[in-house]
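In what follows, every heavy atom counts, from backbone to side chain, and hydrogens, waters and symmetry copies are set aside. Worth saying up front: this structure is predicted, and the values here are computed from it rather than measured.
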Amino acid sequence: MGASLHIYHTCPFCWKVRALVRHLNLPVTVVQVNPFRVKKEIAFADDWGKVPVWREGDGTVVVDSTPIMKHIDATHNNGGLYDAEDARQNEWMAWVDTHLSKATVPLLYGSLGSALSTTRRISKVEKFNWFSKRLYAWAGFPVMWGIIAKKRVKADGRTPKQRWHDLLGEFTDAFEGQPFFGGEAPDLVDLAAYGYMRSCADYPQFDQLRDHTAGMAWYNAVAATLHGA
Ligand SMILES: N[C@@H](CCC(=O)N[C@@H](CS)C(=O)NCC(=O)O)C(=O)O
């Protein structure tokens with residue numbers, strides 16, 4: 001049996017690992033987990049209780065998206081995309097995980113209408129059962145909008161759009177004139193950053209990012225290196 005990747009379809013951390021798997025064109029079984037049964041469905045990962053989870057054919061389990069990406073690169077790609085000694089890569093991987101991870105929720109849930117359409121879309125594409133699908137669609141949005149997103153937008157002070165534009169500017173400025181953070185080709189930092197941005201791409205709010213020219217050019221260039229769906 002080969003490796004398997006256990007995900008929620010809409011989870012930004014899962015999109016990071018999916019981007020890497022597609023970049024390397026690895027034969028992996030992707031398993032979509034029911035969010036209301038996550039503890040049970042990934043019980044083999046002990047009490048981690050979160051996705052993504054990576055399981056090798058030999059049963060080795062790796063959790064947490066960035067450690068999973070590093071593990072996959074080291075094990076299946078001879079470390080071609082990431083060097084643990086590289087200070088610039090480490091600094092920016094931490095930057096991506098700190099800043100881009102926090103920018104998705106305000107964009108997707110920052111207004112009442114966007115929060116409702118986001119939770120309704122999630123309820124359609126995730127693997128819920130009949131009841132939990134409806135529960136999530138209607139109970140999820142006031143929580144995400146009223147409690148989580150509002151607090152985060154307020155704490156930051158910028159509109160979710162401005163925040164993304166600032167972050168994309170800061171990130172692409174770090175390319176030192178090259179097309180990717182990794183230079184001529186994407187590295188692990190590019191793929192992690194791409195994953196966060198890709199997790200927003202199936203929603204209408206993604207249009208707010210389209211007028212960031214450098215950011216979109218990079219995003220599309222990373223997408224062009226990915227295999228399969
Ligand atoms: N630091 C973790 C965060 C993973 C995470 O928070 N995943 C969420 C989904 S987006 C999750 O599984 N939450 C647990 C739940 O749904 O009960 C990573 O980078 O993999």
Is the side chain of [X] donor-acceptor paired with the backbone N or O of [Y] at a distance under 3.5 Å, no angle test?
X: Asp46; Y: Trp48; answer: no
X: Gln208; Y: His165; answer: no
X: Arg18; Y: Gly195; answer: no
X: Asn34; Y: Phe36; answer: yes
X: Asn90; Y: Ala84; answer: yes
X: Asp64; Y: Thr66; answer: no

Tabulate below the donor-acceptor pairs under 3.5 Å that side-chain atoms of residues 100-107 make, not counting sequence neighbours, or state none.
{"unit_1": "Ser101", "atom_1": "OG", "unit_2": "Asp97", "atom_2": "O", "d": "2.4"}
{"unit_1": "Ser101", "atom_1": "OG", "unit_2": "Thr98", "atom_2": "O", "d": "3.4"}
{"unit_1": "Lys102", "atom_1": "NZ", "unit_2": "Thr98", "atom_2": "O", "d": "3.3"}

Under a 4.5 Å side-chain heavy-atom rule over Ile, Leu, Val, Met, Phe, Trp and Tyr, are [X] and [Y] clustered together?
X: Ile68; Y: Trp15; answer: no
X: Phe131; Y: Val143; answer: yes
X: Tyr82; Y: Val96; answer: yes
X: Leu226; Y: Trp218; answer: yes
X: Val62; Y: Ile72; answer: yes

Original post:
Is there a salt bridge (Lys or Arg N to Asp or Glu O under 4.0 Å) between Asp73 and Lys70 once you walk through the steps?
Top reply: CA-CA 5 Å; Asp73 182 53; Lys70 292 175 181 173; over 6 Å; no

Minimal non-hydrogen separation, [X] against [Y], with atom names:
X: Leu81; Y: Pro186; value: CD2-O, 3.4 Å
X: Gly110; Y: Val153; value: CA-CG2, 4.5 Å
X: Ala19; Y: Tyr194; value: CB-CD2, 3.7 Å
X: Ala137; Y: Leu116; value: O-CD1, 4.3 Å
X: Thr10; Y: Tyr203; value: CG2-OH, 3.6 Å

Original post:
Would you find more than 12 non-hydrogen atoms of other residues, nucleotides or ligands less than 6.0 Å from Asn220 atom CG?
Top reply: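 Check passes, neighbour count above 12.
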
Subject >> Lys16-Ser199 side chain donor-acceptor pair, cut-off 3.5 Å >> reply: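 There is no such pair (donor and acceptor under 3.5 Å, judged by atom type) between the side chains of Lys16 and Ser199.
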
Compare all side-chain heavy atoms of [X] with those of [Y] and state whether any distance is below 4.5 angstrom.
X: Asp166; Y: His99; answer: no
X: Leu168; Y: Met197; answer: yes
X: His6; Y: Phe44; answer: yes
X: His9; Y: Lys124; answer: no

With rounding to the nearest 0.5 Å, note down the distance linking [atom1] in [X] to [atom2] in [Y].
X: Leu112; Y: Lys150; atom1: CG; atom2: NZ; value: 8.5 Å
X: Trp54; Y: Leu20; atom1: CH2; atom2: CG; value: 8.0 Å
X: Met93; Y: Leu188; atom1: CE; atom2: CG; value: 4.0 Å
X: Ser65; Y: Ile7; atom1: OG; atom2: CD1; value: 13.0 Å
X: Ser123; Y: Phe141; atom1: OG; atom2: CZ; value: 12.0 Å

Subject >> Sequence-distant partners of Asp156, salt bridge (Lys or Arg N to Asp or Glu O under 4.0 Å), two or more places apart >> reply: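 Checked Asp156 against salt bridge (Lys or Arg N to Asp or Glu O under 4.0 Å); matches are Arg158, Arg163.
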
Original post:
Which residues pass the salt bridge (Lys or Arg N to Asp or Glu O under 4.0 Å) test with Arg120, sequence neighbours left out?
Top reply: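 Testing Arg120 for salt bridge (Lys or Arg N to Asp or Glu O under 4.0 Å), a comparison that skips the adjacent residues, returns none.
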
Subject >> Within residues 183-197 or reaching into it, pairs that qualify as salt bridge (Lys or Arg N to Asp or Glu O under 4.0 Å) - sequence neighbours excluded >> reply: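 Residue pairs with at least one partner in residues 183-197: there are none.
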
Subject >> Pairs meeting criterion salt bridge (Lys or Arg N to Asp or Glu O under 4.0 Å) with involvement of residues 192-205, two or more places apart >> reply: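 Sorted pair list: Arg121-Asp202, Arg198-Asp202.
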
Original post:
What residue pairs, at least two apart or across chains, pass side-chain hydrogen bond (donor to acceptor under 3.5 Å, both in side chains) with a residue in residues 130-143?
Top reply: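 Sorted pair list: Asn129-Ser132.
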
Original post:
Tell me, which pairs form a side-chain hydrogen bond (donor to acceptor under 3.5 Å, both in side chains) where one or both residues lie in residues 108-119, sequence neighbours left out?
Top reply: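 Passing the test, one end in residues 108-119: Ser111-Ser114, Thr118-Gln205.
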
Original post:
Are the aromatic rings of Tyr219 and Phe206 close, with centres under 6.0 Å apart?
Top reply: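 Here the rings of Phe206 and Tyr219 have centres that are less than 6.0 Å from each other.
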
Subject >> Non-neighbouring partners of Asp58 that pass side-chain contact (heavy atoms from CB on, under 4.5 Å), sequence neighbours left out >> reply: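 By the side-chain contact (heavy atoms from CB on, under 4.5 Å) rule, Asp58 matches Glu56, Thr60.
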
**OP:** For Ala214, enumerate each residue passing the side-chain contact (heavy atoms from CB on, under 4.5 Å) test, keeping only those at least two apart in sequence or located in another chain.
**Re:**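 Ala214 satisfies side-chain contact (heavy atoms from CB on, under 4.5 Å) with Thr172, His212 once adjacent residues are dropped.
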
Original post:
Step by step, would you call Val38 with Lys50 a side chain to side chain contact (heavy atoms under 4.5 Å, CB included)?
Top reply: CA-CA 7 Å; Val38 58; Lys50 292 181 199 170; over 6 Å; no

For residues 173-180, run the donor-acceptor check on the side chains, cut-off 3.5 Å, and write out each pair with its distance to 0.1 Å, sequence neighbours left out.
none

Original post:
Given the rule in the side chain to side chain contact (heavy atoms under 4.5 Å, CB included) test, do Asp211 and Lys161 qualify, once you have shown the distances and angles that lead to the verdict?
Top reply: CA-CA 10 Å; Asp211 50 344; Lys161 172 176 176 162; 3.1 Å; yes

**OP:** Kindly state each residue pair satisfying ring pair (Phe, Tyr, Trp, His ring centres under 6.0 Å) with at least one member in residues 145-164, sequence neighbours excluded.
**Re:**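 Passing the test, one end in residues 145-164: no pairs.
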
Which donor-acceptor pairs under 3.5 Å do side chains of residues 22-33 form with protein atoms, sequence neighbours excluded?
{"unit_1": "Arg22", "atom_1": "NE", "unit_2": "His227", "atom_2": "O", "d": "2.8"}
{"unit_1": "Arg22", "atom_1": "NE", "unit_2": "Gly228", "atom_2": "O", "d": "3.3"}
{"unit_1": "Arg22", "atom_1": "NE", "unit_2": "Ala229", "atom_2": "O", "d": "3.4"}
{"unit_1": "Arg22", "atom_1": "NH2", "unit_2": "Gly228", "atom_2": "O", "d": "2.7"}
{"unit_1": "His23", "atom_1": "ND1", "unit_2": "Thr225", "atom_2": "OG1", "d": "3.0"}
{"unit_1": "Gln32", "atom_1": "NE2", "unit_2": "Val125", "atom_2": "O", "d": "2.8"}
{"unit_1": "Gln32", "atom_1": "NE2", "unit_2": "Glu126", "atom_2": "OE1", "d": "3.3"}

